[in-house]
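First up is the structure itself, then whatever we jot down about it.
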There are 2 protein chains.
Amino acid sequence: MNIGGAAAHPILTVGSVALDSVRTPAGEASRMVGGAATFFSVAASFFTDVRLVGVVGEDFDAERTVVFEGRRIDLEGLQRVPGDTFRWRGEYGADLNTRETIYTHLNVFEAFEPRIPDRFRSSPVVFLANIHPALQLQVLEQVRNPAFVALDTMNYWIEGTPAELKAVLRRVDAVIINDEEARQLSGEPNLVSAARAIRALGPSHVVIKRGEHGVLAARREEFFAAPALPLADVRDPTGAGDTFAGGLVGYLASSEARTHDVWARAIIAGSTMASFAVEDFGLGRLLRLTAEDIRDRFQAFKRLTHFDAL
Amino acid sequence: MNIGGAAAHPILTVGSVALDSVRTPAGEASRMVGGAATFFSVAASFFTDVRLVGVVGEDFDAERTVVFEGRRIDLEGLQRVPGDTFRWRGEYGADLNTRETIYTHLNVFEAFEPRIPDRFRSSPVVFLANIHPALQLQVLEQVRNPAFVALDTMNYWIEGTPAELKAVLRRVDAVIINDEEARQLSGEPNLVSAARAIRALGPSHVVIKRGEHGVLAARREEFFAAPALPLADVRDPTGAGDTFAGGLVGYLASSEARTHDVWARAIIAGSTMASFAVEDFGLGRLLRLTAEDIRDRFQAFKRLTHFDAL
């Protein structure tokens, strides 16, 4: 059940663990285990060891914890505190491209202070899921010279805490955001110009997620683009972005080389994992996944996009 | 100046030749030679011989005809009649994704009846540009067993003349339309389902153009997807879709084989030509293009999308 070998580098990730309630045109589901760090960790754990730092409440019972069991996910950094777990409810429009947040109850996540267990402080790869950039900085203060740091963020922080966000951007290697966020962060409507402007803020790698339109990624001066897999039946897009990040960073961490070729395969590994995530509610499809499923679908991406030179 | 050899199959195309006036965030230009059949023919003529059937007015002077000169474009089917040439004026929004038509003066195009010169009737490849589906049918009545017929259409005919459109769709091999049109024609919001529904109407090949998001193409059961080339400086998107069709059908006509591999390269040839079209106003960039430019950019698409198997 793993693709990267035992020698793959471990990843430290810090972010939300949540209970999600979702309604989509395909149906409805309540209080599923979700959250950015959860989707990321489950996806990345197919490739390497993952160290999850986050917080849950007393309602996060054994039935919930089971999603992490039997996987390469170390929960020493998952704090359990009095109160309720972060809860979110969202409803999707008919075409799944629009989403309305019905509620966001931060609960125990409101006072979350990332404490990185000593064992995790020399993690060579770090993924900072979408949390307050000041907390992302706190994480970086606690780790020792990671070789590769990737970050997600959102409109709320781009608008509300631009100085903190820029401070953390100066210290990361990769930013993984959606097209709207890329335009907002850079002030550039054109994505090529946006990627260039974001690189000028620090990250040498900029990954722009375009949902059903796929991904545009810049690694220094060079672009790589991948379509999304054409899927007739998308049931729940929640977590697809974090799952993409999990596949991408997981694949990178499982590879020794830092070349354009490895980077391109990492984008496809991310796209592969995201294509599974949307096929069922919550973590449903990811929890049933095998390494063979992943290899087969990666190959489907190859067939979908491959052409020979003229 | 040509990529397909002398043995490439000739293409018959029927559609508009126009004088376009355009305003985009990059500037403004008036009465440029345009029209679907024009963009298609100029693009396809880099790959094979093109036979253009259309109509222009007395205002289409020698200065205008020059765009066709020195190219593999046979103008025997270009009628010249009293009156003015079809004129269109459009203005693009800041992000180039929205377009407002300021006027459409059909002029001599209003009474256009496609008459296919005898020499053109056995053309093995036919491209029916976006005109009334009844006229598209008239063209097919005049040609003898073409090996491959492709068609473009638009919202106006999908809504206004669905019966005629379905009659012509039953007789074509490929339909090349944008995502909005695909959804409207099929009644399916999901593009995978839309492609399937459109194939059930007749065409074995369905090409869905998504503008800056690239192309999703179905050849029978199999999909091929290509991103658009990331361009920082798009000056005028007018004609990009017809230029795409010209590259696609031109490449197909220049190839003997009818395999998935040839089809995939044809999609990239179309994307390559379209990426040039948007770099300048009207035909500007296409008229300066060399075969070497085309080969280089095709290779840029390869670099943009290539990854190795896991």
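In what follows, every chain begins at residue 1, and chains take the letters A, B, ... in the order their sequences are listed.
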Best-contacting candidate, L229(A), D233(A), L310(A), against chain B by heavy atom pairs under 4.5 angstrom: L310(A)
Pairs of heavy atoms under 4.5 Å with chain B: top-ranked of P227(A), A225(A), A228(A): A225(A)
Residue from T305(A), V262(A), D261(A) passing side chain to side chain contact (heavy atoms under 4.5 Å, CB included) with F307(B): T305(A)
Sorted by number, residues from residues 180-191 of chain B in contact with chain A (heavy atoms, under 4.5 Å): R183(B), N190(B)
Residue, of A264(A), A232(A), A300(A), that accumulates the most heavy atom pairs under 4.5 Å with chain B: A232(A)
Side chain / backbone / both / neither for Y251(B) at chain A, heavy atoms under 4.5 Å: side chain
Heavy-atom pairs under 4.5 Å with chain A, option from L216(B), I294(B), L231(B), D95(B) with the top count: L231(B)
Which atoms of A309(A) approach chain B - backbone, side chain, both or neither, heavy atom under 4.5 Å: both
Interchain contact, I268(A) with chain B, by part (heavy-atom threshold 4.5 Å): side chain
Gap between atom NE2 of H306(B) and atom CZ of R265(A) - 0.5 Å precision: 8.5 Å
Interchain contact, H260(B) with chain A, by part (heavy-atom threshold 4.5 Å): side chain
Among the listed options V192(B), L304(B), V234(B), I267(B), the residue most often paired with chain A at heavy-atom distances under 4.5 Å: L304(B)
Sub-4.5 Å side-chain heavy-atom contact between H213(B) and E212(A): no
Point-to-point distance, once rounded to the nearest 0.5 Å, from CZ of F223(B) to CZ of R303(A): 13.0 Å
